[in-house]
Every structure is written in C-alpha cells, then in structure tokens.
Amino acid sequence: MNLGGGQVVNKQSVMPSSSGASWKSTAAGGSGGGGGGDGGVPDQFPAGLRVLVVDDDPTCLMILEKMLRNCNYEVTKCNRAEVALSFLRENKNGFDVVISDVHMPDMDGFKLLEHIGIEMDLPVIMMSADDSKSVVMKGVTHGACDYLIKPVRIEALRNIWQHVVRKRKHEWKDFEPSASADEQKPPEEPDYSSSANEGHNWKNTKRRKDEDDEGEDRDDSSSLKKPRVVWSVELHQQFVAAVNQLGIDKAVPKKILELMNVPGLTRENVASHLQKYRLYLRRLSGSQHPGGMNASFMGGPDAGYGSISSLNGLDLQALAASGQLGQLPPQSLATLQAAALGRSTNSKSPISAPVIDQRNIFSFENPKSRYTEVQSQHLTNSSSSKQMNLLPGIPTNMEPKQFVSLQHQSGQHSFGSINNQVLIQMGGQSQSQSHSHSHSHSQGQSNTNPHHGLRPPVLSSEMLTRGGVVDMATTVYNPVVSQASSLVDFSMNHKNDSSGSSYPLGGSLGIPNLASATPTPLQGDGNLDTKVPRRGIVSSYDIFNDINPSGIREWGLQDVGMTFDSAQHTMQGGSGPVLLQHNRSSEREMGGQNRNSTSGKAIFSPGVETGSHRNVGQQRNSYVAENSLRVKAEDGSSHNNTLYPEQYGDDLLAAILKQHHQQQQQGVGQSETEFGFDGYAMDNLPA
Amino acid sequence: MERNQMQMHRQIATIRKSLFDQGYLDEQFVQLEELQDNSNPNFVEEVVTLFYRDSARFLYNLDQALEKRPLDFSRLDSLMHQFKGSSSSIGAKKVKIECTHFRDYCNARNTEGCQDKLGPSRRHAGPDKSFGF
C-alpha cells in the first residue's frame, strides 16, 4: 500500500515491467535492473520478449504462436480474454506485450485492452481480419499500440518489440524525479526507495526544464522524491483549481505549476497530468448524453442522479443539482451510506469528509499512463462501448449538470481528492484488497479493480470539475477502484438485503463481474453474501473492500470494503471482472459527489441486470440501461439508492443513505428501501 | 520405391500448385509452409487440421443461424468474420473471399444472398481438404 501523504508511489506495477525483462534496461536506457527477464541480457533484446497472445480462433492462435516463437519471443497463448487477464494479474510483470484479437466471444477485445491498460499498463496490439477504418480507429482511441490485420505475417510480428521500448520510455517520462536527477534509470527499483537516485536519473534523462521544481522536489518530502508523482486528491484539486483559474484552453503546465505552487512538483508532472485530464474531459464531453447521465454509461438513467448528489455533501449536491442523478434514488445510497456510517465509527461524517481524508492516500502513479489510454478510449468510446462508458460514462453524465454544481462546491475538489484518494488507495489497495479476499483469485481481481476503479473515477471527477479533474481521474484510477469496492461493500453490508440490489450501482464498476461470478462471492460481511446473488453487485464490492482495508475510509467501511472484495472476487468469475473495476472507479470518483449521480446509474444496469451478469462487462451497457430504467420504474429511488452506494464509495453511500433514508423510507428500512431494488434486483439478477 | 515416392511428391506438388492457381490458396499459405521447420515438422498439417476442425464447428453454427427466421444478420456477420479470420490466416483464399461476400450480404440484410453464399463457402473449403500432405 502506498499511502504516502498524498503521494503514493506505485512501485512496480507502474514501472515498466521491470521485473522481467532484461531488455527493459535497454529500453529504459539502462534503467531497470536488467530484469531477470527472459532475455536477461539487453543485447539479446528483443529476443525473449514475453508475449501474451489472446485469440479465440485456435488456428490463428497456433499460427501466431509459431510465428512468435520463430521471432525468438517467449509466447503464452490463451483463447479467452478472462484467462488472459488472470494470467496478467497473477504475473504482473510476467509479460511485456499483449496481442489480442478484437472479436472474441467472451469479451470484446477493446475491453480487454482497456483493462490491461488500466491494470497493467502493458502495450497491447490489436489484430483482426477486419480492416475497416472505424475499427482501426477504435483501436487507436482505446490506446492500442498497434493494429494488425489478419492474416498476420511474421514480418509484422518481428517489430512488436518497438512498442515495448516505446512504452517504457514513456513511462519513464512519467516519473517525476523529485530528487536530484540521477542518470540512473528509475525503474530499477520498484520501490524507489532511493528516491534521490532515481530523481537524479530521471532528471537527466528527462531533460527537465523545471529545474527549480526539481530542486524543490528534492527537498520535499521523501515521497516526492519517488520517481512517480502521486496525484493525490489534494494535489489534483489544486491542479483543477489552477486549470480552472487559467481556463482550460489557456492552462499551460508552467502556469499551472506556478499556481499550484507545490514543492517538488515538476512541470513534466503537470504536463502529463494535464494531458490526461484533457483527454478525460474530452471523453466526457464526447460521451455526454444530453440526458444527463451518460446513456451509454448508464443506459439512460439520467434522472435519478441528481438527487443523489444531495446526499453527499459535495458530490451529492452536485449530482442532485444536475438532476441527472435524479433517477438514482439517493435514498438508497443515503441509506447505505448512513448504514455504513452508522456502522463505522464516523456515523455521521459527511461524505465529503471521509473522502477528503483519504486524499492523501491516493497515489497516482500508475494511473497516469493508463489514464491516457483510458481517457482516449473513453473519449471516443462513450458511444461505442458502453462498458467504457461506465468509466467515462459516469463522468459524462455528471458533467453537464453535476460538474456545474460541483464546481461551485468545494466538494469539487474534494471529489477529485476523493478520487485521488481512492486511486491511491487502490494502488496500494490492490495489495491490501487481496487479503480481504478469501479467494486467491480475488486478489488478482482486487488488483485489477483498483486500476479499473481508478480510471472511472478519474473521469467522473473530471466531469465534475469540468476540466480539471482529468488528472484526478487518473490518479483516482487506482484507488478509486478499491475504494469503490469498499464503498460498495460498505453500503451493502449495511443494507444486507439491499446490498444485493444496490450493488448494481457498484456493478457498473465491478458489479458486472459480480453478476457473472458465482453468487456467493460476497464473503466479507454477511451482507455481501446477500448480494452475491446479484452478482453484478458483488464485483463492485470488491473494489470497496480493497479500499477499505487501506483504511482510507473513515467510515469504517473498511470492513465492508473487504468483504466486498471477496465478494467481488468470487463474482468475478463472470466476464466482467475487469469491467467491474472500471465501473467502480468511475463510481468512486463520483463517489465524492457526483458519483452518486453518475455511478449510480451506471451501476444499476450492470448489477441489476437479471441475467446478464455473466458478462457484465460486456453487457454493462445493457445493464445500465436496464437497470437504470428499472430502477426508475420500480421504486425510483430505492433502486437508485442502492446502486449509488456502490458507485460512490463510502462517502457517497453514507450521504445518500442518510438522505434517502430520510426521504424515502420505502418500508422496511434502509436495507429495504435503499436497496429497494433489492427486491427488484433479485428478480433481475440471474442468480 | 523411390520412383513411387518421386511420383507422389510430384503429384502433391501439382495439386498444390493447382490450388494456388485456382485461387484456393494464397501467399499466406506459403508463410505457413515457411514456418515449418525441423522443430515443427508437421506444422502445416497441424494448422490445417485445426482449421478444418474449427471450420466444421463454424459451419455447424452457421447452419443453425441460417435456419432461423428472420435471419440474425449480426450473428451471421460475426460468425463470418471469425471464419474469415481463420481462413485468411491459413491462406484459404477462396474461403476468405466467400466470407467477405457473405458478410456483404449480411450487411445488406439480404437473406437469399446469404443462403446462396453458404454453398460456395462450403465448396471452397472442401478443396483444401483434398490437399494432401
């Protein structure tokens, strides 16, 4: 866990697969400890490149494998995206590049691409027999490093190593060597314990222009020295504030840096963060549906979210204001939250509060690189893939309305911070999450969740702040995921009954996975178990679980989070483990405030979906639509409420819960009303 | 004995050439052949066998999909896309072309066209089987 004071350095995962590949060092210009990788010796690069090939067509798979072997690469093949993801998760640094088919039965290739980008940040090459421009464009926007047309020739495969090198180089750049710049290659040590050294390296390699900043960094907290800058919630808020002050068009890294006045922050850090943020915004605006919550994202929920925002001090209000959330029953969220809060030590702490506290926890390291990818994907994908929308979707929906309202709110930043926190947490969480899970695989999932979570949140935060949050999103990216899960969990636990239903919200983040997974994934609290049937929901919980363990959530969602995780993992079995995460993160981001609005919606669909849990990820879109619709139809609020909690994480949930709880007492109580859709969900859940 | 072997080789070569000439196979197939080496002496055979097995499954799915009314074009299209991918990977040129035509029909929502095209697709897949190893 990297919970540094707002800066968490993500070690290893961020670094370009340092551990394995020897050529890393070559790519990094000598950095990376040579990696014991396959090559072991930089000179042999690209021999020994570890490639993971994913294609459902056995013929192609066999041919590719042979071709890659002939290129002296180390090949691992699998014919299912899920399997590929589990390979990657179990072996974080075990692969250097992934080649994936676009059309696969269990998971869309682009979705896989997204997941990988978020979780592992490996270069992914898409391939397909389809050479139509739109598909290739989709590959580009989703962040694919390359796109091969089938039949693939061996010549085309010979050069794939370039993508690895390129990515490594970019990753290096992301590092901000706060410390003096050493020649050394930062990635060498995953932990970056010797920040000073690393800083030095970076500096030199990076031609830093902000010498001053670097100097400051050096003196600054040790965390800053780490090569990776952690975009904590606070930091992101500052960033967003600076950007807004300058105007998104005029915001240049140098000025932003000056405005932010953060010691140890370099212009490069800001620049990359800004880039991500811009992409995020673009995606949000692109995928934005007039109806408020991104239809693609949520499937058309729009109305409910607005109300939710009120739940959360900041976010909720924003959401409510936007009216988008209207659909989502804040009540459920509030109830959940209240429940969560009640359970936790901070029974009444406002949603924003916990979120803010968490800010420090987030570390933005990995998300950055992924974020760009995600962002681009989201931006362009909003319509094309619902799944993606979940991440961006939430933000998009929120954007029009929520952002406006959020912006004004102080919560805006907090939101961002929340996200950041979440992200950070997630980053660290992934590790912690695992412990909460009973399943080993859950671990992998939790890890993934963080990433996913981060992404979505980032987007949402952007939405909220309208433009400054992009970075947040990224940072949040990781933590969000975990947080989301914890949040969800939390809410769920309290709800017990509803938790199942409410998860649909979370589902968007992770629920989809849950749905597909076995019904009993929820292990943490008993509540989670109930949720399990929902499947979709469960997944989202995992995220939350993850978050909680880190302790970020003050509410005491921690336990919830944990359970959630386990639940989630089990659930994951389904198609969307990865998907869940995404949802979650998006939820998370929103969690602060907007989350409710957007995430709620999005989540609904996946979770609630009756039978589609299986491929939640894929079906998310449908889910969302369904759920959101259903939710609306059913109790309107009850369902929504339940969903929200998941999305927004602890804060949101609490806020929502509280609010909704008061507003609509559907009947039995929070659990019932909030999860109103609980009953509802039950029906829908395939379980 | 040797003579027989030589004759057989010649026959195989002739058949092979004809397949290329008739457009059943294309350059990709040559790539496969080039991949074959001592460490994988039967590579081509293995791949083609895999292809046939896969295409049998595909054709079965295709038949099922074609029996439905109205035709689910998107499913047909995605099936065809998959088949096109595998056939092009092994260099089954004609099959690939037929797949493309079929997909065009799908895109145009042309029911009869799809049905008609199925025949040729099958036929074209056939000759590959005759290619002896």
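The chains referred to below are lettered A, B, ... by the order of the sequence lines, with proteins before strands, and numbering in each begins at 1.
Here the closest heavy-atom approach between residue B/Gln31 and residue A/Ile154 is recorded as OE1-N, 3.2 Å.
Most heavy-atom pairs under 4.5 Å with chain A: of the set B/Leu50, B/Leu32, B/Leu35, this distinction falls to B/Leu35. Of the listed residues B/Gly85, B/Ser39, B/Ser88, the one with more heavy-atom pairs under 4.5 angstrom with chain A than any other is B/Ser88. Between chain B and the residues A/Asp55, A/Asp101, A/Ile149, A/Asn70, the most heavy-atom pairs under 4.5 angstrom are made by A/Asn70. Contact count versus chain A (heavy atoms, under 4.5 Å) is highest, among B/Gln28, B/His81, B/Arg53, for B/His81.
With rounding to the nearest 0.5 angstrom, the CD atom of A/Glu65 is 8.5 Å from the CZ atom of B/Phe43. The OG1 atom of A/Thr59 sits 12.0 Å away from atom CD of B/Glu46, with the distance rounded to the nearest 0.5 Å. Distance check: B/Ser89 OG to A/Met127 CE gives 8.0 Å after rounding to the nearest 0.5 Å.
Residues B/Gln82 and A/Asp57 have side chains not in contact (no heavy-atom distance under 4.5 Å, counting atoms from C-beta outward). Between A/Lys150 and B/Lys84 there is no side-chain heavy-atom pair separated by less than 4.5 Å.
Both the backbone and the side chain of A/Arg153 come within contact range of chain B, each with at least one heavy atom under 4.5 Å from a heavy atom of that chain.
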